[in-house]
Participant: 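For reference, the structure I am asking about is given below.
As a basis for the values below, the full set of heavy atoms in this structure was taken, side chains included, without hydrogen atoms, waters or symmetry mates. Below, chains carry the letters A, B, ... as their sequence lines are ordered, and counting in each starts from 1.
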Number of protein chains: 2
Amino acid sequence: MSGIRVMLVDDQELLRASLRTVLSADERIEVTHDVANGGDAIEVVRRYRLDVVLMDIRMPRMDGVAATAEIVRIAPATRVLMLTTFDDDELVVAAIRAGASGYLTKDVRPAALAQAVCDVASGTSALAPGVAATVLDLVRQVPMRRTAALDGLTPREVEIFGLLARGRSNSEICAELVLSENTVKSHVRAVLQKLNLRDRVHVVIHAYENGLVGRNDLPD
Amino acid sequence: MSGIRVMLVDDQELLRASLRTVLSADERIEVTHDVANGGDAIEVVRRYRLDVVLMDIRMPRMDGVAATAEIVRIAPATRVLMLTTFDDDELVVAAIRAGASGYLTKDVRPAALAQAVCDVASGTSALAPGVAATVLDLVRQVPMRRTAALDGLTPREVEIFGLLARGRSNSEICAELVLSENTVKSHVRAVLQKLNLRDRVHVVIHAYENGLVGRNDLPD
DNA sequence: TGCCGTCTCACCCCTTGGGGTGATGTCGGC
DNA sequence: GCCGACATCACCCCAAGGGGTGAGACGGCA
């Protein structure tokens with residue numbers, strides 16, 4: 001059989017299991033992998049050809065947006081479809097800017113989910129009700145729309161933001177990302193300026209208040 | 001048939017659908033209702049006899065803890081089993097104090113979930129791995145244990161903690177509390193030591209992770 | 001009475017962090 | 001080809017923060 005090859009990425013095993021059931025009921029779809037975090041997802045993408053990655057945004061280890069950016073970089077033919085609890089504007093924009101082909105919320109009907117997987121596999125887009133497909137290109141093309149929470153940050157800065165939000169010090173960041181401390185400080189300064197935050201303490205507050213990190217995104 | 005009558009309460013339709021599938025596979029269980037929020041759940045409990053309510057904690061309209069309290073009040077025979085993404089201490093305690101008979105996280109295995117439903121229906125308890133059933137009574141009986149997150153702090157230090165969690169600098173704190181900067185630094189140091197936190201950034205993280213401040217406890 | 005905990009404050013240290021400026025190299029678009 | 005965005009790094013400055021020590025005032029309690 002040559003169905004659409006799909007990988008599930010979600011930290012909830014129960015949800016992965018049920019998604020597998022739901023999607024496997026559609027004979028066009030073949031769920032070939034499921035993993036619990038972004039890091040594992042990237043490993044799979046490196047090794048296997050996939051058509052669609054169904055990805056949660058909120059995950060431990062590596063969040064969905066960063067994972068999406070990495071996946072579209074190393075496997076441009078693979079479509080990433082976000083599936084998440086939140087329809088938060090900033091996350092939608094962040095995910096789409098990272099290269100996601102669609103964005104569904106978890107209250108989607110099972111049948112609609114399967115259809116959406118087929119849609120993105122065929123190169124079209126899938127968005128939760130109300131949002132038009134044209135929005136995708138618009139968001140990608142418009143050079144600078146201020147959508148507040150993370151918008152305006154470069155991918156690297158988003159990465160830095162994530163580490164700041166988890167309480168990392170500059171030296172820890174420069175170790176984790178293999179950068180010089182001066183570089184880290186440059187990025188941190190850019191993040192503070194662009195988000196109009198006073199210091200890294202307020203970065204953490206901003207992150208939690210906007211749901212950009214959640215419980216269980218524990219520092220270690 | 002006279003299976004265990006179960007209602008599902010979760011705002012994610014997809015999860016409800018899959019839970020229904022998973023649970024219906026067990027012939028001891030009969031899923032008789034599913035609703036999207038606590039308010040609707042209470043309406044159902046008023047009208048029908050139920051054995052087990054499988055309840056998410058995070059929901060719009062009426063949260064799971066409040067709904068649980070109301071359900072055990074109006075239908076003491078009905079067992080409430082929390083099913084949630086978080087295994088956060090405060091939420092566990094809150095749910096159990098509200099009268100929940102069990103607390104599972106969503107990474108539970110499908111088979112274990114079905115078994116847990118049967119367990120609570122028969123009057124026993126179900127807790128996520130590692131937590132003993134005896135904890136339930138203990139938690140309910142102990143009058144008021146400061147849930148460790150702020151344990152050991154003096155009143156003044158708790159006050160300082162609150163300001164730290166909202167992103168205040170030392171100078172702002174000394175202005176707000178009319179103290180010398182040296183005093184503020186002493187208190188801050190005490191807070192960091194007692195909670196075993198590295199710096200004020202981690203104080204903010206600690207506060208959010210333990211639900212000591214929430215959304216909308218905005219800095220200003 | 002003396003002891004202890006708490007709150008207050010002072011002085012010292014030095015690392016960390018925020019802010020400014022500027023210089024590379026690379027990449028993609030016009 | 002040029003230009004802008006991005007990422008990288010280097011220097012500078014200095015305020016803010018974390019850490020140690022010690023000490024005076026006040027209250028409760030044995």
Participant: Using side-chain hydrogen bond (donor to acceptor under 3.5 Å, both in side chains) as the criterion, list what pairs up with A:S186, not counting sequence neighbours.
Facilitator: none
Participant: Calculate the interatomic distance between B:E181 atom CD and D:dA15 atom C1'; express it in whole Å.
Facilitator: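 Whole-Å distance recorded here is 10 Å.
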Participant: N/O contacts under 3.5 Å, protein versus nucleotides 21-26 of chain D?
Facilitator:
none

Participant: Through what angle, rounded to 10 degrees, does the axis of the helix from C:dT1-D:dA30 to C:dC30-D:dG1 turn between its ends, using five pairs per end?
Facilitator: 30°
Participant: Can you check whether B:N170 has a side-chain N or O nearer than 4.0 Å to OP1 or OP2 of D:dA16?
Facilitator: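 The answer is no; no side-chain N or O of B:N170 sits under 4.0 Å from OP1 or OP2.
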Participant: For the pair made of CG in A:L179 and P in D:dA10, what is the distance, rounded to whole Å?
Facilitator: 11 Å
Participant: Listed by chain and number, what are the side-chain hydrogen bond (donor to acceptor under 3.5 Å, both in side chains) partners of A:R49, not counting sequence neighbours?
Facilitator: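 Counting only residues at least two positions away or on another chain, A:R49 forms a side-chain hydrogen bond (donor to acceptor under 3.5 Å, both in side chains) with A:D51.
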Participant: Could you work out, with salt bridge (Lys or Arg N to Asp or Glu O under 4.0 Å) as the rule, every residue matching A:R189, not counting sequence neighbours?
Facilitator: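 Scan of A:R189 (salt bridge (Lys or Arg N to Asp or Glu O under 4.0 Å), adjacent residues dropped) gives none.
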Participant: What's the CZ-C1' distance between A:R200 and D:dG17, to the nearest Å?
Facilitator: 12 Å
Participant: How close or far is atom C1' of D:dT8 from atom CG of A:N182, stated in whole angstroms?
Facilitator: 10 Å
Participant: Between CG of B:N196 and NE2 of B:H206, what distance do you get to the nearest 0.5 Å?
Facilitator: 9.5 Å
Participant: With A:E181, which residues qualify under salt bridge (Lys or Arg N to Asp or Glu O under 4.0 Å), at least two apart?
Facilitator: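 Expected list: none.
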Participant: OP1 or OP2 of D:dA16 sitting under 4.0 Å from any side-chain N/O of B:S171?
Facilitator: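 Looking at the OP1 and OP2 atoms of D:dA16, neither is under 4.0 Å from any side-chain N or O of B:S171.
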Participant: Quickly work out the A:E159 CD to D:dT8 C1' distance and round it to whole Å.
Facilitator: 14 Å
Participant: I need the CG-C1' distance between B:L197 and D:dG17, as an integer number of Å.
Facilitator: 15 Å
Participant: Does B:R166 come within less than 4.0 Å of B:E176, counting only side-chain N to carboxylate O?
Facilitator: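 No, B:R166 and B:E176 are not salt-bridged.
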Participant: Check the angle between the aromatic planes of B:Y208 and A:Y208 and answer parallel, tilted or perpendicular using the 30° and 60° thresholds.
Facilitator: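 Because their plane-to-plane angle is under 30°, the rings of B:Y208 and A:Y208 count as parallel.
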Participant: By side-chain hydrogen bond (donor to acceptor under 3.5 Å, both in side chains), which residues pair with B:T21, not counting sequence neighbours?
Facilitator: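 Result, side-chain hydrogen bond (donor to acceptor under 3.5 Å, both in side chains) vs B:T21: none returned.
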Participant: Once salt bridge (Lys or Arg N to Asp or Glu O under 4.0 Å) is applied, do any residues pair with A:D34, and if so which ones, sequence neighbours excluded?
Facilitator: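 Listed in chain order: A:R16, A:R20.
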Participant: Sort and list the pairs that fulfil salt bridge (charged side-chain N to carboxylate O under 4.0 Å, His left out) and have at least one residue in residues 152-161 of chain B, not counting sequence neighbours.
Facilitator: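 Of all non-adjacent pairs touching residues 152-161 of chain B, those that pass salt bridge (charged side-chain N to carboxylate O under 4.0 Å, His left out) are B:R156-B:E159, B:E157-B:K194.
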Participant: Nearest whole angstrom, please: distance from the C1' of D:dG19 to the CG of B:N196.
Facilitator: 15 Å
Participant: For chain B and DNA chain C, what are the first and last nucleotides along the strand, 5' to 3', with at least one atom under 4.0 angstrom from a heavy atom of the protein chain?
Facilitator: C:dT6 to C:dC11
Participant: Please confirm whether the shortest side-chain N or O distance from A:R198 to OP1 or OP2 of D:dA16 is below 4.0 Å.
Facilitator: no
Participant: 5'-most contact on DNA chain C: A:K185 or B:E157, nearest heavy atom basis?
Facilitator: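 First, find each residue's nearest nucleotide; the 5'-ward one identifies B:E157.
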Participant: Tell me, please, which residues at least two apart from A:R5 pass salt bridge (Lys or Arg N to Asp or Glu O under 4.0 Å).
Facilitator: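 With neighbours one apart ignored, the set is empty.
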Participant: With a non-hydrogen cut-off below 4.0 angstrom, is A:S180 in contact with a base, only sugar-phosphate, or nothing?
Facilitator: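 Result for A:S180 = sugar-phosphate.
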Participant: Can you name the side-chain hydrogen bond (donor to acceptor under 3.5 Å, both in side chains) partners of B:S171, sequence neighbours left out?
Facilitator: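 For B:S171 the side-chain hydrogen bond (donor to acceptor under 3.5 Å, both in side chains) partners, ignoring immediate neighbours, are B:S169.
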